[in-house]
Protein chains: 2
Amino acid sequence: MDPRLDRDTSNCSIARTLEIVGEKWTILILREVWYGSSRFSDFERVLGCPRNLLAARLRMLVEEGILATETYKEPGSRSRPKYVITAKGMDLVPAVMGLLQWGDRYRADPEGPAVLARHRECGARVDVQIRCERGHPVQAKDIESVPGPAFRMRLPE
Amino acid sequence: MDPRLDRDTSNCSIARTLEIVGEKWTILILREVWYGSSRFSDFERVLGCPRNLLAARLRMLVEEGILATETYKEPGSRSRPKYVITAKGMDLVPAVMGLLQWGDRYRADPEGPAVLARHRECGARVDVQIRCERGHPVQAKDIESVPGPAFRMRLPE
DNA sequence: AGTTTGAGTTTACTTTTAGATACTCAGACG
DNA sequence: CGTCTGAGTATCTAAAAGTAAACTCAAACT
């Protein structure tokens, strides 16, 4: 793509994804859901996040269909809500694994990673890769970005 | 990983990556670098980002080794700095492609994506995938997160 | 009837981050 | 010497986030 081309950058899937997951705490809440948390008090305790923000973020993630609410019941207590991830939420895993992988490479604890991601069936470690439709691994530098169907020029002001 | 285990969540590669790329504008600046921008005025014009924030983000990205400065010279003007991406910066591509892919799937323009990522050699579209060491594609639900070498419990207060 | 509990909401205050605008600086040019 | 230009600083205001504590609500338990 030509560097000097004035693209309409508001029409960008990266920016639109960041509108949802780009606020503070949001990705960390999803991380905790993947690691097994589901209750308001779980998130609060493990993240140390302010309750008002936690409530706002959970509400937004449910509205966006990334989390869904179910109920749980401890014996001797009434039913309470819990948060579970949806298929739409699971589809954020590659992006977050990309962040995890970069952090493991460049900002890890000297001892190594705190968490290892493994293939449940075979136990082998997993990582994020870029591949082309033909199944070949692609280096980041070999990716070319070309205008797609919704490419728009920026209107001159 | 046990849901009720009180992990030390400060020791997390996702959180540490977000400390760097989680601020507003940072990922969008990197997107523009990938798409070909390199000058202060390019970023300002195309992003519409406040200049003081832009200057602060560029300085931080250079300090972190994600961007590097070079100089360019237009004929009839003095030398000025430009920003180029480093190998460390290129390693963020999988994470950002993950965001792009999610946005294309769930928040795209009705007409389709604004930008298509293609393999430079063969022209085929590329996407982000999770694979295990043996090269097999892995579904997000088949990833198991287990404690790694730097796993730490949270200290009881 | 009163108490406990998880899941919030509300309020009040401080700090941080973002945004808008004006100003500076240095070298090229006339 | 005065002006123009790209790349910033500086300054001020506004919005968002952080902190802390009090308050609500409903069912369960004493």
Between C:dT17 (C1') and A:K24 (NZ): distance, integer Å = 7 Å
Choose from C:dT9, D:dA17, D:dG8 the nucleotide whose nearest atom is closest to any side-chain atom of B:A55.
-> D:dG8
Give the nucleotide from the list D:dA7, C:dA18, C:dT5 with an atom nearest to the side chain of B:P81.
-> D:dA7
What's the CZ-P distance between A:R80 and C:dT5, to the nearest Å?
-> 10 Å
Let me know the distance between CG of B:L54 and C1' of D:dG6, rounded to the nearest Å.
-> 12 Å
Of A:E23 and A:S77, whose closest DNA chain D nucleotide lies nearer the 5' terminus?
-> A:E23
Roughly, in whole Å, what's the span from NZ in B:K82 to C1' in D:dT5?
-> 19 Å
So, is B:W25 close to the C:dT17 phosphate, meaning a side-chain N or O under 4.0 Å from OP1 or OP2?
-> no
If only side-chain N and O atoms of B:S41 are considered, is one of them under 4.0 Å from the OP1 or OP2 phosphate oxygen of D:dA7?
-> yes
So what does A:Y83 touch, heavy atoms closer than 4.0 Å: a base, only the sugar-phosphate, or nothing?
-> sugar-phosphate
Please check the phosphate of D:dA17 (OP1 and OP2 only) for any side-chain N or O of A:R51 closer than 4.0 Å.
-> no
With a 4.5 Å heavy-atom cut-off, do B:E19 and A:R107 have their side chains touching?
-> yes
Quick check: does any side chain N or O of B:T86 sit under 3.5 Å from a backbone N or O of B:G65, one acting as donor and the other as acceptor?
-> yes
Specify the residue among A:K73 and A:G48 whose closest nucleotide of DNA chain D lies further upstream toward the 5′ end.
-> A:G48
Check the distance between D:dA16's P and A:M60's CE and give it to me in whole angstrom.
-> 14 Å
Rounded to the nearest angstrom, tell me the gap between atom CD in A:E44 and atom P in C:dG6.
-> 11 Å
So does A:R78 get a side-chain nitrogen or oxygen closer than 4.0 Å to the phosphate oxygens (OP1/OP2) of C:dT4?
-> no
Evaluate whether atom CZ of B:R152 has more than 12 neighbouring non-hydrogen atoms of other residues, nucleotides or ligands under 6.0 angstrom away.
-> yes
Identified side chain to side chain contact (heavy atoms under 4.5 Å, CB included) partner of A:I143 from the options B:R120, B:M97, B:H119 | B:M97
Could you please name the option among D:dA17, C:dG6, D:dA20 that lies closest to any side-chain atom of A:N52?
-> D:dA20
Minimum-distance nucleotide to A:F40 side chain [options: C:dA7, D:dA27, C:dC25] = C:dA7
B:R59 side-chain proximity, nearest of D:dG18, C:dA20, D:dT9 | D:dT9
Rounded to the nearest 0.5 Å, how far does CG of A:L99 lie from OG1 of B:T17?
-> 6.0 Å
Taking atom P of D:dG6 as reference, at what distance in whole Å does atom CZ of B:R45 sit?
-> 11 Å
Give one of base, sugar-phosphate or nothing for B:Y72, where a contact means two heavy atoms less than 4.0 Å apart.
-> sugar-phosphate
Verify the neighbour count for atom CD of A:Q139: are there more than 12 heavy atoms of other residues, nucleotides or ligands below 6.0 Å?
-> no
Within this structure, what is the CG-to-P distance between A:L53 and C:dA7, rounded to whole angstrom?
-> 18 Å
